[in-house]
Number of protein chains: 2
Amino acid sequence: MLQEQTDLGPGKLLPPGYLQDQLVARGVRLTRQRRVILRVIEDARRHLDAATILRFAQKEDETIDRVTVYRTLNLLKRHGLIDELDLLHLSGGSHYYEQRPPRQHMHLACLRCGQVEEFASPLFDKIKGQIQRERGFRVAFARVEIGGYCQKCAGNQA
Amino acid sequence: MLQEQTDLGPGKLLPPGYLQDQLVARGVRLTRQRRVILRVIEDARRHLDAATILRFAQKEDETIDRVTVYRTLNLLKRHGLIDELDLLHLSGGSHYYEQRPPRQHMHLACLRCGQVEEFASPLFDKIKGQIQRERGFRVAFARVEIGGYCQKCAGNQA
DNA sequence: TTAAGTGCAAATATTTTGCTGTCAC
DNA sequence: GTGACAGCAAAATATTTGCACTTAA
């Protein structure tokens, strides 16, 4: 498993309570359980999988069920408020979730230490334009997962 | 023989028998079952998941087991000869596999019809250079999955 | 010959669904 | 009050592991 505390977490560029506010604005009912789960996702300092979200949520409310976590994640996905990632399955078969960021970024996953950094580049927007023009494909969202060796690990071995 | 007709399949830019040759070159034992599975992957005209690979393989040899497919896929992954993809889970929770292409490309998955196209851009190599320079992150491979609407579907609903 | 691979059964892991009672609005 | 939601149990789906037999090199 990835370390519990990593340095870089998913970028925190959105106001606190954003997920709640968005759901309310869309007329979705806010339950006690959802509030807790949303808070866990917003406060995350790294990408969490469903099982970890459950664990954190249960610290605050023991009765929250695994199923409720999955249903809430699906709800957020349907509303386009979070993104589902694989992070290259560096630590098992489950998915990871992050609040959809205002600006698309890429994930750099270190094959050695498992740390995940984020990276954004204006060139990627150019690529999207290219796709649109050359293929007539209307891009809704993008997921970029890059495997390799982080500065520290690359230095230590190669 | 692999006629489950789709549009674009994974690009066929590698010589036939490439996977076999690579495994032999690496001193891996070639069994009857592995030969069949490798052939299925090489002949694929689209991205296949484990269950589909099994189905095709069993057409040729009924006795091949699901487990052998998974073990062979893991073998190929370990040797970096195939890539594992999600294709955004447009059609279930399983993974899809493609022979690792000589040139990285992106996957464009249509959220409406589920069709998957491939797209390559020299700009993406520039981004990799950027990552290397700005972060000291040594890129080994990349996976890009883009969701949106293909030309046909975008036209039909816009 | 013999280490590696296979099939089978079973375990594990992850996510979804059906149902009934409960709660947010 | 009522329709959406939660919890529980169970199913569905996806993948891995243990073990005894088989086979490629």
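Computed from a predicted structure; not experimentally measured. In the text below, chain A, chain B and the rest are named by the order of the sequence lines, each starting its count at 1.
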Q: With R100(A) as the cation and F141(A) as the aromatic partner, state whether NZ or CZ is under 6.0 Å from the six-membered ring centre and within 45° of the axis.
A: yes
I'd like a list of close polar pairs between nucleotides 9-13 of chain D and the protein, N/O only, cut-off under 3.5 Å.
none

**Q.** Presence of T63(A) side-chain N/O under 4.0 Å of dA6(D) phosphate oxygens OP1/OP2
**A.** no
**Q.** Side-chain (E42(B)) to main-chain (L19(B)) donor-acceptor, under 3.5 angstrom
**A.** yes
Q) What integer distance in Å separates D86(A):CG from dA14(D):C1'? A) 13 Å
Q: Report yes if at least one side-chain N or O of N74(A) is closer than 4.0 Å to OP1 or OP2 of dT16(C); otherwise report no.
A: yes
Q: Check the distance between dT15(D)'s P and L75(B)'s CG and give it to me in whole angstrom.
A: 17 Å
Q.
Quick check against the 3.5 Å criterion: does R39(B) have a side-chain atom that pairs as donor or acceptor with the backbone of G17(B)?
A. no
Q) Given that R71(A) and A51(A) both sit by DNA chain C, which one's nearest nucleotide is further toward the 5' end? A) A51(A)
**Q.** Side-chain N or O of Y70(B) closer than 4.0 Å to phosphate OP1/OP2 of dT16(D)
**A.** no
(Q) Main chain of H79(A), side chain of R26(A): is a donor-acceptor contact present, judged purely on distance under 3.5 Å? (A) yes
Q) How does each nucleotide of nucleotides 20-25 of chain D score, in 5' to 3' order, for protein heavy atoms under 4.0 Å: base (B), sugar-phosphate only (S), or none (-)? A) ---BBS
Q.
A quick test of your reading: do over 12 heavy atoms of other residues, nucleotides or ligands sit less than 6.0 Å from CD of E62(A)?
A. no
Q.
Main chain of D61(A), side chain of R32(A): is a donor-acceptor contact present, judged purely on distance under 3.5 Å?
A. no
Q) Does the side chain of H95(A) get closer than 4.0 angstrom to OP1 or OP2 of dT15(C) through an N or O atom? A) yes
(Q) Do I37(A) and L73(A) make a side-chain contact, defined as non-hydrogen atoms from C-beta onward lying under 4.5 Å apart? (A) no
Q) Contact class for A50(A) (heavy atom, under 4.0 Å): base, sugar-phosphate, or nothing? A) sugar-phosphate
Q. Would K77(A) and D83(A) pass as an ion pair if we require N to O under 4.0 Å?
A. no
Q | Side-chain donor or acceptor of T52(B) paired with backbone N/O of L48(B) under 3.5 Å | A | no
Q. What is the distance from CZ of R78(A) to C1' of dC5(D), rounded to the nearest Å?
A. 12 Å
